[in-house]
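Structure, as structure tokens:
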Amino acid sequence: MNSKSHPSGPVAALSRYVAASSFVLVGLICLTVLVYAMLPGLLAVCLGFMVAQALSTSQRLGRWRPSPFVAAGWVIVVPLLLFAVVLSNAKGMVIGAGGQYAALLHHLAGTVLEIRQKLPPDLAAHLPDGLAAAQAWLAAYLQSQARAITGFGSAGLQGLLLAYVGLVIGALIVGTPGVPHPAPLRAAARTRARHFIGAFRQIVVAQFWIASFNAVCTALFLFGALPLFEVHVPYSGMLVALTFFAGLVPIVGNLLCNGVLTLAGMSVAPMVGLACLMFLIAIHKFEYVINAKVVGKRTGTTAWELLTVMFVGEAIFGVVGLVAAPLYYAYIKRELLEVGLV
């Protein structure tokens with residue numbers, strides 16, 4: 001008995017050391033992602049892995065089901081083809097940009113004048129009192145913001161590039177054959193990655209329902225509440241579609257929709273823009289509870305747990321921490337469930 005029990009001691013110690021090392025590695029990666037704003041890349045890795053794996057294991061495709069290598073190739077090439085299609089139409093967009101800019105400037109100037117007429121005299125004195133003056137005022141403001149807009153566009157391009165690199169990495173993980181007998185640390189790291197992607201899958205499904213909820217609320221507001229006051233916001237159908245698709249991106253997508261919907265309301269009347277803003281503030285705050293309820297049901301966590309980690313994540317890392325908090329907590333909860341601690 002003793003001769004058999006002695007080997008189990010070193011083996012168990014090595015197993016615990018390997019598991020602890022893999023957890024430390026995952027923790028460092030997650031912290032680095034937050035500190036250096038690499039969350040789009042991490043999410044893209046998970047998405048690329050999920051799509052490539054789904055294509056290579058789907059039973060619905062039958063004999064047309066691609067191999068893991070071919071599925072990875074599709075995930076890598078299709079975004080490039082879509083990007084090429086967008087670039088092929090870029091010439092027309094550039095040619096019409098001047099006319100669109102002039103029309104937008106004229107429209108915004110009219111909105112500024114309408115706001116000026118409805119403001120108290122003390123506040124209205126700070127706005128221009130003629131169409132030409134309003135256009136010049138807006139043009140000067142836009143020129144003053146050119147540097148900031150350029151920086152934002154550069155950051156957006158960097159984010160897209162980071163996301164695409166992450167997509168490639170996730171697809172290649174599926175397309176690259178695994179080692180038949182991996183070393184202990186590699187095997188443990190793959191286990192951690194499998195659990196993390198499983199948590200990501202749960203969050204994606206939950207986010208679909210959240211986006212659907214936001215789109216339904218927006219549709220009721222645009223097609224139900226506002227028409228009762230004989231107010232019709234232009235492009236309401238497109239705004240509802242944008243709310244759904246952008247809402248698939250946690251938090252950040254909703255912020256984008258908030259800005260677009262508020263501007264659309266302002267184009268009708270200042271009070272309509274204010275009503276849109278108040279509606280979006282209410283939905284944004286209520287989404288904390290909805291997010292916690294839906295994600296909590298999918299991940300087996302209570303609402304107060306997710307609300308706590310979301311508030312803490314936003315307080316420490318801002319919007320990035322708010323987006324990452326449900327995913328990180330779902331992963332931690334999954335690991336704890338695997339070892340029977342919760």
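Worth saying up front: this structure is predicted, and the values here are computed from it rather than measured. Heavy atoms only: backbone and side chains are in, while hydrogens, waters and symmetry mates are out.
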Requested in this report: To the nearest 0.5 angstrom, please state how far the CD1 atom of I197 sits from the CG atom of L47.
Outcome: 10.5 Å
Query raised in the report: Honestly curious: do V35 and V323 fall in one hydrophobic cluster under the side-chain, below-4.5 Å linking rule?
Result: yes
Query raised in the report: Take atom CZ in F23; do more than 12 heavy atoms of anything else shown fall under 6.0 Å from it?
Result: yes
Report task. Kindly give the heavy-atom pair with the smallest separation between L162 and M38, and that separation in Å. Result -> CD2-CA, 3.7 Å
Report task. Heavy atoms only: give me the nearest A330-I203 pair and the separation to one decimal. Result -> CB-CD1, 4.3 Å
Query raised in the report: Which heavy-atom pair separates V240 from A219 by the least distance, and what is that distance?
Result: CG2-CA, 3.8 Å
Report task. Could I get the full list of side chain to side chain contact (heavy atoms under 4.5 Å, CB included) partners for A211, not counting sequence neighbours? Result -> F244, L248
Query raised in the report: Within the side chain of Y164, is there an N or O that forms a donor-acceptor pair under 3.5 Å with the backbone of I76?
Result: yes
Requested in this report: Calculate, to the nearest 0.5 Å, the distance between atoms NZ and CD belonging to K333 and Q202 respectively.
Outcome: 10.5 Å
Requested in this report: Return the set of residues passing side chain to side chain donor-acceptor pair (under 3.5 Å) with R192 (not counting sequence neighbours), or none when no residue passes.
Outcome: S22, E335
Report summary line: Between the SG atom in C30 and the CG atom in L39, the distance rounded to the nearest 0.5 Å is 10.0 Å
Query raised in the report: Quick one: do L161 and V45 end up in the same hydrophobic cluster if we chain Ile, Leu, Val, Met, Phe, Trp and Tyr together by side-chain heavy atoms under 4.5 Å apart?
Result: yes
Query - Results of side chain to side chain contact (heavy atoms under 4.5 Å, CB included) for V77 - residues two or more places apart only - result: L81
Requested in this report: Keeping the roles fixed (side chain from Y329, backbone from V309), state whether a donor-acceptor pair exists under 3.5 Å.
Outcome: no
Query - Residue pair L322 / F317, side-chain heavy-atom distance below 4.5 Å - result: no
Query raised in the report: Rounded to the nearest 0.5 Å, how far does CG of L228 lie from CZ of F223?
Result: 13.5 Å
Report summary line: Nearest heavy-atom contact between M310 and P326 is CG-CG, 4.0 Å
Query - Taking every non-hydrogen atom, the tightest pair across P227 and F221 - result: CD-O, 4.3 Å
Query - Min side-chain heavy-atom separation R334-L337 under 4.5 Å - result: no
Query raised in the report: For F229, which residues count as a side chain to side chain contact (heavy atoms under 4.5 Å, CB included) partner, sequence neighbours excluded?
Result: V231
Report task. Carefully, step by step, assess Y328 and V33 under the rule side chain to side chain contact (heavy atoms under 4.5 Å, CB included). Result -> CA-CA 11 Å; Y328 282 11; V33 165; 3.7 Å; yes
Query raised in the report: Got C217 and F279 here, is their nearest side-chain heavy-atom distance under 4.5 Å?
Result: yes
**Report entry** Residue pair L327 / F196, side-chain heavy-atom distance below 4.5 Å
**Finding:** yes
**Report entry** Path from F213 to L220 over hydrophobic side-chain contacts below 4.5 Å
**Finding:** no
Query - Single-linkage hydrophobic cluster V85~V78, side-chain heavy atoms < 4.5 angstrom - result: no
Query raised in the report: Does the side chain to side chain contact (heavy atoms under 4.5 Å, CB included) test come out yes or no for L25 and L185, once each step is laid out?
Result: CA-CA 10 Å; L25 181 62; L185 183 57; 5.6 Å; no
Quick one: side chains of residues 167-180, donor-acceptor pairs under 3.5 Å with protein atoms, not counting sequence neighbours, listed by atom name and distance.
residue: T176; atom: OG1; partner: L172; partner atom: O; Å: 2.7

Query raised in the report: Any link between L31 and I332 through a network of hydrophobic side chains (Ile, Leu, Val, Met, Phe, Trp, Tyr) touching at under 4.5 Å?
Result: yes
Query raised in the report: Sequence neighbours excluded, which residues qualify as side chain to side chain contact (heavy atoms under 4.5 Å, CB included) partners of P66?
Result: L55, L61, V70, A71, W74
Query - Shortest non-hydrogen contact from A44 toward A163 - result: CB-O, 2.9 Å
Query raised in the report: Does CZ in R65 sit with more than 12 non-hydrogen atoms of other residues, nucleotides or ligands closer than 6.0 Å?
Result: yes
